[in-house]
Amino acid sequence: MRKVLIDCDPGHDDAVAILYAARHLDLVGVTTIFGNQTTALTTQNALKVLTLARLDVPVAQGCARPLLGEAPLAPDTHGPSGLDGVELPEPNRPAIDMHAIDFIIEAARRWQDELVLAITGAHTNVAMALRLEPRLKSWLAEITIMGGTAGVGNLRAQACVNILSDPEAAHIVFTSGVPIRWIGYETTRDVLMGEGDIARLDAGGKVARAVGDIARYYRARQRTVYGIDGAPMHDACAIVPFARPGLIGYAPVPIEVVLGANLARGMTLVDRRPIQPGVALSSVQAKKSANALMAVQVDVRGVIDALVDTMLSYE
Amino acid sequence: MASRPKILIDCDPGHDDAVAILFAHRHLDLVGVTTVHGNNTLANTTLNALRVLALGAIAVPVAAGAAVPLVQDANPPAALHGSSGLDGASLPAPVAAPLALHGAEFIIEMASKHRGALVLAVLGPQTNVALALRREPRLKDWLAEITIMGGSTALGNITPVAEFNIHCDPEAAAIVFESGVPIRMVGYNVTRTTGFDGHDIARLRASGRGVARTMADLLDFYLHKQRQAFALELAPMHDVCAIVPYVAPQLIDYAHTSVSVELAGTHTRGQTVCDLRNVQAAAALHLRGLAPANARVALAARARPLIDLVIDTLLTYP
């Protein structure tokens, strides 16, 4: 089983990703970051979800703010708690007495070449870990990212919350040299749990019913804010391929994060021109070599069914 | 009399860093040295720091920090210090190895150990300090003051408006200036006026003392480079100006104002934008770019007494 560590900001779709990973992979830990709410709140949410599912996975709290500036929050779709709309038990233990940055470094050191690091929130913890431990980039097997977009955005016209929350940190991750698997919002916004999926969850055990509530609340917010009719399972898309490789197809692309102080700040710039990398013509800028595998097609029904089946497999 | 202030020096030796280390150890309680990329590679700045400490028989721990800037691509080494980063003299071999922890972690450890009492001198790119501030949110309350050699209120050196240390890692500098820690900054506008000339170097050499002679050799090299590059007859002692206020506060004048680091400008990335307008509150209605004061910024120095103090200090070494 692949070892995976999820760095996240639960968050409705983060919660589903955690529950999926715990069932099919060796989830060695969860580290938390701000984004859907403050780090303190996302940490509590992570602990509550794990407590609900009786999962003995350590949670290490991470950075409270991005590298530059203050922490921007996106509670419009997740509510004041960061995980509104579902009743979760109080955590049965606290976060461990170790910073997320150190936990990431120690896990990668312990499981060199085996550990997959999933980032489904802001990239601050991972960027700090990469800078404080230069060997980390050779220890990690892969980084799998949900964040940014190659098309329409959410918080901005063409940019998304996870990257916008800390563009400098995302730049550090995307230039790190670690093999990267990336799925953008333009794709995940169509990976929707609908009424039928929620009905199936409502008929299941307590974990499935909680996920049904999560999907119901999230779907309602998506309708109000974006006119999307369904609960998008963004973050699970970064995890599912490690258990079900056939469900998502990838193509290698060069991708970089736009920094600076302009309208494009926080954009993930993907070069999808069908030209050879490295070849420059007089006015056609050379395409850089690929630094990530970009998700280009998703078996949406396959992914959603896999998620629902997984939630139903919990007691 | 109060005991000497405790100081930790984060630096990239560097000729002027070397002078600052020897000066600090003689007058203050130097508790450690951390090294960073900048004047040369981290490997070389670390080796140079160890060799300077060996030269001065200074037994303090050294921790190597960041090899690359926080966000931007790595910079080429500065030519002014030679290929080793400290060319011009044969320095003794190190007498100790660096600690096993990252310089940023060591800064956190020492600040925690000496809460409210530690001055952190930042004499190179600010990468380590930025990492430490983001790794440990309480650090900003533990440090007594950060004293910076970097930036400028006016012209730059590496670019028309940016000074080398800030330009090497502008994002790190932005983090430091926004941190809320009391800051003292001496920029290139002042340090370019405070330098050794040929007579100062001759005074060192004439003493017959070993450390002074080695420093004279180093400074001869540095002066030669300054002549070549800028037609200067002065070897600017940038870094020691960040230490002097804790020894002879009357030698440098400061203004308390706001400093912001420009990150996005095509022509101005790495500039320290210092508000010296002396804006009166009531008249501020239509002015822009106002920000809370976050630093004491050096405006002028009494160069000759400052340099004499530094030479006298170097002459106290055997």
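Every chain is numbered from 1, with letters handed out A, B, ... down the list of sequences. Remember, predicted model here, so these are calculated numbers, not experimental data. Values below: every heavy atom of this structure, side chains too, minus hydrogens, waters and symmetry copies.
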> Any non-hydrogen side-chain atom of Leu70(B) less than 4.5 Å from a side-chain atom of Glu168(A)?
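Sidechains of Glu168(A) and Leu70(B): no contact.
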> Report, in residue-number order, which members of residues 100-110 of chain A are under 4.5 Å from chain B by heavy-atom distance.
Ile101(A), Asp102(A)
> If we define contacts as heavy-atom pairs under 4.5 Å, which of Asn128(B), Leu263(B), Thr127(B), Leu131(B) has the most with chain A?
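Going by pairs under 4.5 Å, I would pick Leu131(B).
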> From Gln72(B) CD over to His171(A) NE2, what is the distance, rounded to the nearest 0.5 angstrom?
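Nearest 0.5 Å value for the CD-NE2 distance: 9.0 Å.
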> Of all heavy-atom pairs between Arg131(A) and His102(B), which one has the smallest distance, and what is that distance?
O-NE2, 3.8 Å
> For chain B, which residues from residues 136-147 of chain A have at least one heavy atom closer than 4.5 Å to it?
none
> Show the nearest heavy-atom pair for residues Ala261(A) and Ala264(B), with the distance to one decimal.
N-CB, 3.7 Å
> Under 6.0 Å from the CZ atom of Arg156(A), do we count more than 12 heavy atoms belonging to anything else shown?
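Result for CZ/Arg156(A): open.
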> For Leu259(A), which atoms come within 4.5 Å of any heavy atom of chain B: side chain, backbone, both, or neither?
side chain
> Within a radius of less than 6.0 Å around CG of Asn262(A), do more than 12 heavy atoms belonging to other residues, nucleotides or ligands occur?
yes
> Among Arg135(B), Glu105(B), Arg269(B), Glu171(B), which residue forms the greatest number of heavy-atom pairs with chain A at distances under 4.5 Å?
Arg135(B)
> Could you look at Pro170(B) and say if it's the side chain, the backbone, both or neither that has a heavy atom under 4.5 Å from chain A?
neither
> At a heavy-atom separation under 4.5 Å, does Ala66(B) approach chain A through its side chain, its backbone, both, or neither?
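Interface part for Ala66(B): neither.
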> Would you compute the distance between atom CG of Leu133(B) and atom CZ of Arg65(A) and round it to the nearest 0.5 angstrom?
9.0 Å
> Please check if the side chain of Arg134(B) supplies one atom and the backbone of Pro66(A) the other of a donor-acceptor pair under 3.5 Å.
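Yes; judged by distance alone, with no hydrogens or angles, the pair exists.
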> For atom NE2 of His267(B), decide whether the heavy atoms of other residues, nucleotides or ligands shown that lie under 6.0 angstrom number more than 12.
no
> Is the number of heavy atoms from other residues, nucleotides or ligands within 6.0 Å of CG (Leu263(A)) greater than 12?
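Open: at most 12 neighbouring heavy atoms sit under 6.0 Å from CG of Leu263(A).
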